[in-house]
Structures are given as C-alpha cells and as structure tokens.
Asker: 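One structure, as structure tokens, below. Some questions next.
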There are 2 protein chains.
Amino acid sequence: MTSPAVSSRDLPHPTREEIRLEGVLHALSDPMRLRIVRELAAVGDELSCSHFDLPVTKSTTTHHFRVLRESGVLQQVYRGTAKMNGLRKDDLEGLFPGLLDCLLDAAARQAVRLDGA
Amino acid sequence: MTSPAVSSRDLPHPTREEIRLEGVLHALSDPMRLRIVRELAAVGDELSCSHFDLPVTKSTTTHHFRVLRESGVLQQVYRGTAKMNGLRKDDLEGLFPGLLDCLLDAAARQAVRLDGA
DNA sequence: CGACTCGTACGATAGGCATCGTAGTACGGG
DNA sequence: CCCGTACTACGATGCCTATCGTACGAGTCG
C-alpha cells in the first residue's frame with residue numbers, strides 16, 4: 001500500500017477548477033488562518049491540527065481548518081487519530097502563479113514591521 | 001493652487017503604516033470590490049464612483065468604496081460633485097512589494113478561466 | 001434661485017461568521 | 001475491552017456585513 005495508515009474517513013475538497021480567488025483571499029484574511037498557513041509554509045511539510053498552538057479553543061481551530069480546506073488552500077487527510085494538513089502549493093501555483101509566495105512574503109514583511117521579529 | 005477644484009470635504013484614510021494585510025485581503029475578497037480594483041488598475045488613472053456600473057444600488061456602491069478606502073487600497077478625494085478614486089499603488093508596493101500585481105494577475109487569470117474573456 | 005446630479009446618512013434586514021462549551025465519534029495502545 | 005487522545009458535531013451567542021430604500025447635503029449649470 002502506498003499510504004499505509006490513511007483512514008477511510010475522507011473529507012470534501014474543492015477540485016483545482018473549483019478554487020476561487022475570492023475564497024482564497026477570504027480564507028487568508030483571518031489572522032488565525034494566515035498564521036496557520038505561514039507556519040505550514042515555513043515547515044514545508046504536513047502538520048497535524050494539534051501541532052498548532054492557537055489562542056482559541058479546539059472547536060474554533062477545527063472551524064478554521066475547515067475554511068482553509070473548503071477554500072482550496074489546504075488538503076487534509078486523516079492518519080490514525082491525527083488529521084494532517086498540507087498546503088495545496090501545486091494547485092495554487094497552477095491557478096495563480098506566484099501568488100502564494102507573494103502573500104507569504106507580504107505576511108512576513110508585516111510581521112517584521114509590527115512585531116519586530 | 002495645485003489642486004483647483006478639490007472640495008473642503010475630506011475623507012479619513014489610514015496612513016501607510018496603518019494598512020494591514022488582513023484588511024487588504026478582506027477588502028479584495030468581495031467580488032464587487034475586486035472588480036472595482038481591477039477596473040481601476042486597468043485604466044491606470046483615477047475614476048469617479050459613478051463611472052462604475054455595478055449591479056447594486058448606489059448605497060451599496062458607496063459602502064464598497066468606503067471599505068476599500070478604509071483598508072488602504074484606495075485613496076478618495078472630492079472634485080466638484082464627483083468623488084475620484086485612485087489605487088494607492090505606491091503605499092501598497094512599499095508595504096507588500098509585488099503583491100498588487102500578483103493579485104491583479106491572479107484575478108485576470110481567473111476571469112479568463114471562468115468567463116473565457 | 002431652482003433643478004439636476006453625485007454621493008452620503010441612516011435604518012432595516014437577512015445572512016454570514018468567529019467564538020465558545022458540551023457531548024460525542026474514531027482510532028490506537030495497554 | 002477499556003481508556004486516552006484527536007478531532008467533530010451541534011447549538012448558542014454576539015458581531016460584522018452586503019444589501020436595500022428613502023431622505024438628505026454638496027456642488028454645478030441654466
């Protein structure tokens with residue numbers, strides 16, 4: 001088997017063609033979600049939901065991950081009890097070349113400017 | 001006078017430092033507002049509010065222009081009875097280099113993809 | 001002045017959404 | 001089989017927002 005521990009539970013994702021720029025921008029216009037995406041991009045690999053230590057409850061965290069998945073920014077898959085999250089880099093790059101990097105750069109610049117980090 | 005017919009009425013704008021990426025993304029995540037920005041960028045000059053023929057009432061149009069101004073995407077100034085709108089290209093480029101062009105390109109690609117135009 | 005155009009203000013409405021808490025399901029390990 | 005961990009589902013709440021209609025203010029032109 002190529003993917004050993006992938007659960008049968010699976011989650012609805014938009015196809016590449018169904019992804020809308022407005023939806024992506026809306027998803028990224030929330031600070032919590034932008035933070036998730038930045039961390040995911042920095043690590044460059046899939047991360048479980050529980051890896052993120054966000055200042056909101058788990059319910060709210062679930063909500064944010066769903067928005068990111070339904071807008072086409074993330075792909076999610078269950079692996080055991082964990083839900084792994086990965087950026088849909090290829091799809092986004094195919095639809096909107098350069099946009100993701102540009103947004104991440106913009107977010108990084110703002111973080112430096114505001115937090116001095 | 002440098003600006004002859006500028007009315008005394010003036011409008012609150014965020015300074016460059018006050019512009020937030022989240023706010024800009026939120027402003028552009030509305031189809032009506034994205035359309036306004038695309039048209040403004042295509043023309044490359046200031047346009048009056050009444051130039052835009054949007055499928056919403058004038059009240060709603062006013063609302064969208066205010067959101068764009070308050071997020072720092074547009075600058076607005078009264079000229080006679082008209083209110084002229086211009087993209088804050090320099091400020092956006094200074095804060096988030098390349099972002100505006102990237103977003104406009106993404107919007108254009110999506111328009112081609114969906115409307116075949 | 002009077003009429004007309006452009007845009008605003010205000011209130012209403014309906015829907016969306018970020019957040020929480022609690023109760024529940026799925027999976028893996030002892 | 002039972003327990004703990006990871007995540008979900010559902011309902012509630014309060015706020016934000018896209019939209020409208022109507023009434024009004026500011027400016028221009030005859």
Side-chain angles (χ1 to χ4, degrees), chain A residues 1 3-13 20 22-37 40 46-71 73-86, chain B residues 1 3-13 20 22-37 40 46-71 73-86:
Chain A
M1 343 30 180
S3 309
V6 172
S7 158
S8 58
R9 294 183 282 174
D10 59 314
L11 300 150
H13 289 75
R20 293 288 172 276
E22 295 90 326
V24 171
L25 297 183
H26 173 251
L28 298 179
S29 71
D30 181 279
M32 223 56 80
R33 293 194 289 260
L34 186 55
R35 175 167 160 177
I36 291 172
V37 169
L40 225 31
E46 294 192 333
L47 292 175
S48 72
C49 289
S50 58
H51 172 273
F52 297 86
D53 191 31
L54 303 174
V56 291
T57 63
K58 280 201 297 178
S59 310
T60 305
T61 302
T62 296
H63 162 70
H64 285 310
F65 276 106
R66 184 174 47 225
V67 172
L68 287 168
R69 169 170 47 81
E70 292 179 344
S71 68
V73 177
L74 299 188
Q75 94 233 65
Q76 298 189 295
V77 64
Y78 284 101
R79 199 121 60 203
T81 67
K83 187 156 83 169
M84 303 305 293
N85 302 276
Chain B
M1 354 6 179
S3 309
V6 172
S7 158
S8 58
R9 296 181 281 174
D10 59 315
L11 301 149
H13 289 76
R20 292 289 171 275
E22 296 89 328
V24 171
L25 296 183
H26 173 249
L28 297 181
S29 71
D30 181 280
M32 222 56 80
R33 293 193 289 259
L34 186 55
R35 177 166 159 176
I36 290 171
V37 170
L40 224 32
E46 294 191 332
L47 291 176
S48 71
C49 289
S50 58
H51 172 274
F52 298 85
D53 189 31
L54 302 174
V56 291
T57 63
K58 280 197 303 179
S59 310
T60 306
T61 301
T62 296
H63 162 69
H64 286 308
F65 276 106
R66 183 174 49 226
V67 172
L68 286 168
R69 169 170 48 82
E70 291 179 346
S71 68
V73 177
L74 299 189
Q75 96 235 56
Q76 299 188 296
V77 63
Y78 284 101
R79 199 121 57 203
T81 65
K83 187 155 82 169
M84 303 305 292
N85 302 277

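Chain naming here is simple, since letters A, B, ... match the order of the sequence lines and numbering starts at 1 in each.
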Asker: Figure out the CZ/C1' separation between B:Phe52 and C:dG7, and round it to whole Å.
Answerer: 14 Å
Asker: Whole Å only: how far is the CG atom of B:Leu28 from the C1' atom of D:dA18?
Answerer: 16 Å
Asker: Quick check on DNA chain C: between A:Thr81 and A:Val67, whose nearest nucleotide comes earlier from the 5' end?
Answerer: A:Val67
Asker: Looking at B:Arg66, I'd like to know whether one of its side-chain N or O atoms comes within less than 4.0 Å of OP1 or OP2 on C:dT8.
Answerer: no
Asker: Rounded to whole Å, please give me the gap between NZ in B:Lys83 and C1' in C:dT5.
Answerer: 15 Å
Asker: Do A:Thr60 and A:Thr57 have a side chain donor and acceptor closer than 3.5 Å?
Answerer: yes
Asker: Could you grab the distance from atom CZ of A:Arg35 to atom NE2 of A:His64, nearest 0.5 Å is fine?
Answerer: 10.5 Å
Asker: Rounded to the nearest 0.5 Å, what separation is found between the SG atom of A:Cys49 and the CD1 atom of A:Ile36?
Answerer: 8.0 Å
Asker: Whole Å only: how far is the NE2 atom of A:His51 from the P atom of D:dC7?
Answerer: 12 Å
Asker: Under 4.0 Å between a side-chain N/O of B:Tyr78 and OP1 or OP2 of C:dT8, yes or no?
Answerer: yes
Asker: Just to be sure I understand the rule, does B:Ser59 reach a base, reach only the sugar-phosphate, or reach nothing, if contact means heavy atoms closer than 4.0 Å?
Answerer: base
Asker: Touch check for A:His26, heavy atoms < 4.0 angstrom, all strands: base, sugar-phosphate only, or nothing?
Answerer: sugar-phosphate
Asker: Drop me the distance from A:Thr62's OG1 to A:Lys58's NZ, to the nearest 0.5 angstrom.
Answerer: 8.0 Å
Asker: Is B:Thr60 close enough to D:dA18 that one of its side-chain N or O atoms is under 4.0 Å from OP1 or OP2 there?
Answerer: no
Asker: Nearest whole Å is fine: how far is C:dC20 P from A:Leu54 CG?
Answerer: 11 Å
Asker: Answer with yes or no whether B:Lys58 presents, from its side chain, a donor or acceptor under 3.5 Å of a partner atom in the base of C:dG7.
Answerer: yes
Asker: To the nearest angstrom, how far is A:Asn85 atom CG from D:dA6 atom C1'?
Answerer: 12 Å
Asker: For B:His63 and C:dG11, what is the distance between atoms NE2 and C1' respectively, to the nearest whole Å?
Answerer: 15 Å
Asker: Does a nitrogen or oxygen in the side chain of A:His64 sit under 4.0 Å from OP1 or OP2 of C:dT19?
Answerer: yes
Asker: So, OP1 or OP2 of D:dA6: does either fall under 4.0 Å of a side-chain N or O from A:Ser48?
Answerer: no
Asker: So, does B:Arg69 use its side chain to make a donor-acceptor pair with the main chain of B:Leu74 at under 3.5 Å?
Answerer: no
Asker: Between A:Arg79 and C:dC27, is there a side-chain N or O to OP1/OP2 distance below 4.0 Å?
Answerer: no
Asker: Considering every strand and a 4.0 Å limit on heavy-atom distances, what is the contact class for B:Thr62: base, sugar-phosphate, or nothing?
Answerer: base
Asker: Give a yes/no on whether any side-chain N or O of A:Ser50 is located under 4.0 angstrom from OP1 or OP2 of D:dC7.
Answerer: yes
Asker: Specify the separation, in whole Å, of atom CD of A:Gln76 and atom P of D:dA6.
Answerer: 16 Å
